[in-house]
Amino acid sequence: MGGSLGCHRSIPKDPTDFSCGKRKFSAACNFGHILVNQERLNINTATEEELMTLPGVNRTVAQNIVDYRDCIGGFKKVEDLALVSGIGATKLEAIKLEICVSSRTSSSQHSPSSLRKDLDHQSYTGMNINTATPAQLMSIRGITERIAKNIVAYRAEHGPFKSIEDLVRVNHINSSLLDKIRFQVYVERSRAPSTNGGLTCTTRAHPSPTSFSLRSDDLDLPPGGPTHIISVRTSVEPPPGLRDGKPVVRMATWSLDGCSCDKANNPGVKEVVCMTLLENDIKLLAVQDLVEQEALDKFCVELNQGTLASVRKWKWPRGLWKSVVSEKPTACSSKGVSYSGFLWDSSSGIDLKDAAVMESPVVNGNGNRANPTLYLAHFFVGSFKLTVVNVHIQATASPGESNKRNHNSHTLFPSIQETLKGEKELVVLGNFGSPPQSSELDVLRKEKLFALIPSTQFTNISTRSPQGTHCLDNIWLSRSLKKMYSGHCVVVREGLTNPWIPDNWSWGGVASEHCPVVAEFYVDVTPKELSGPGVAVVDRGDIVPKHER
């Protein structure tokens with residue numbers, strides 16, 4: 001699935017506080033042995049990959065833990081972990097709050113879930129062999145692809161398993177193998193299901209931003225995380241790269257909402273970002289709110305190499321993607337600094353000429369720049385030169401108080417009026433932190449720029465408010481680009497959730513609280529130059545220039 005296998009997160013210091021901040025984004029691993037509502041890692045059932053998510057635990061130490069556990073028949077208390085080579089008392093103290101010990105027949109000790117007596121399936125850990133797919137079964141230690149298929153085939157022929165012991169009736173499973181896997185699985189008979197988007201459900205279809213987003217409480221699934229949920233994307237036909245018989249290129253802006261390398265490595269986030277680009281035929285993407293500069297390259301690599309099943313199975317060309325990230329931060333918030341960047345398909349006739357940070361000369365009393373820093377890039381789209389300004393402005397008030405924001409409203413774009421006077425084909429796009437009619441954006445109107453998204457069209461999204469509540473993201477064009485603009489602009493709301501993305505204390509969240517905004521432009525390249533249907537896939541193999549990441 002690509003990326004690292006880090007997936008664990010420490011519990012709140014107060015186990016009863018389930019209203020704390022959002023989950024840390026993570027990459028894929030086998031969540032089958034971890035109760036989602038429990039959050040602590042059970043060191044008696046955790047795999048090596050799961051143990052490696054603990055602070056300071058590398059592959060060697062994880063192997064030592066598993067080997068020692070097998071020798072003693074399981075840990076009886078958390079403190080026993082200190083006896084493992086590579087742990088010791090110091091490292092144990094650092095991870096103590098993130099782990100727990102349970103017997104292999106009872107529920108976990110020292111768990112926040114023990115405080116929540118309303119959990120119906122608290123005693124269940126592992127994977128339900130009556131609902132697991134072959135791919136999910138293969139995540140169980142000891143289960144090969146052949147055995148996984150045999151389990152599913154036996155289940156289809158004879159009906160649901162009545163007990164774990166019934167597994168010995170499956171080809172290539174003997175009593176020895178059963179002993180090894182019995183604590184990783186359990187049996188639960190399914191209720192009469194209804195289907196929705198390829199997933200087995202027992203209640204109404206969940207009203208989500210997309211037709212294939214999920215919430216675990218709406219599914220016939222035990223606690224245990226997203227290993228029980230299959231990611232399903234709707235079948236789409238990409239645009240032909242033509243509008244009224246003329247070749248077009250789609251450009252977009254997307255604030256990725258505090259995107260770190262950890263978040264970019266999450267397979268759900270990675271799938272949402274990459275497949276959104278492919279399904280909507282986006283060739284040039286302006287990205288905001290990267291908390292780590294290297295995060296953008298994770299998506300670039302995935303698009304070019306295709307490690308995720310959905311990306312790998314994409315039947316149309318994926319293109320040849322490149323990325324560039326600002327060398328300096330372009331925004332600052334309570335979470336720290338963030339960077340902006342661009343991601344583009346170079347096989348579509350798009351090439352980067354240069355990119356630079358446009359720093360504001362205005363400073364505050366601490367000597368720091370008080371205004372957002374703009375990230376400017378010159379792109380060639382065919383033979384056409386385009387100036388693209390990437391904007392990231394933190395909202396400092398509620399949407400209904402846009403006229404009462406801080407003093408950024410008067411000095412928002414001090415460099416646009418001077419530096420860009422000679423730029424004719426100009427696109428200013430990104431997260432503006434306020435709706436387009438706001439007085440803060442009068443400077444753009446004075447420069448004869450016009451917004452494509454009206455304030456009545458919302459650009460934010462969440463599982464609780466799939467239609468959004470305010471309009472902060474936008475694309476502004478100069479007058480000279482009216483002839484290039486095809487008139488088609490859309491806020492993408494489909495395909496933005498994934499079962500692997502945390503959603504508070506559940507799963508199936510959105511990759512970002514911002515939707516991508518897409519605009520379409522006529523270009524002077526021939527259809528053969530566009531990465532459309534029928535063009536061969538180009539793999540990443542060229543030397544990336546120094547300024548590109």
**Spacing of K322 atom NZ and D345 atom CG [to the nearest 0.5 Å]** =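 Reported value, rounded in 0.5 Å steps: 10.5 Å.
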Test your reading of the model: is there a side-chain donor-acceptor pair from [X] to the backbone of [Y], 3.5 Å cut-off?
X: R155; Y: A132; result: yes
X: N460; Y: E513; result: no
X: D80; Y: K77; result: yes
X: K263; Y: V291; result: no
X: R169; Y: Y154; result: no
X: R182; Y: I164; result: no

Side-chain atoms of residues 83-95: list all donor-acceptor pairs with protein atoms under 3.5 Å, sequence neighbours left out, distances to 0.1 Å.
from: K91; atom 1: NZ; to: G56; atom 2: O; distance (Å): 3.0
from: K91; atom 1: NZ; to: G86; atom 2: O; distance (Å): 3.2

**Asked** Got T45 and Q184 here, is their nearest side-chain heavy-atom distance under 4.5 Å?
**Response** no
**Within-4.5 Å side-chain heavy-atom neighbours: L303 and L343** = yes
Looking at every non-hydrogen atom in both residues, tell me the closest pair between [X] and [Y] and how far apart they are.
X: N266; Y: P502; value: ND2-CD, 4.3 Å
X: V272; Y: N498; value: CG2-CB, 3.9 Å
X: T131; Y: Q136; value: O-OE1, 4.2 Å
X: A295; Y: A264; value: O-CB, 3.6 Å

**Asked** Taking NZ, NE, NH1 and NH2 as the nitrogens, is one of them in E294 or K298 under 4.0 Å from a carboxylate oxygen of the other?
**Response**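 K298 and E294: not salt-bridged.
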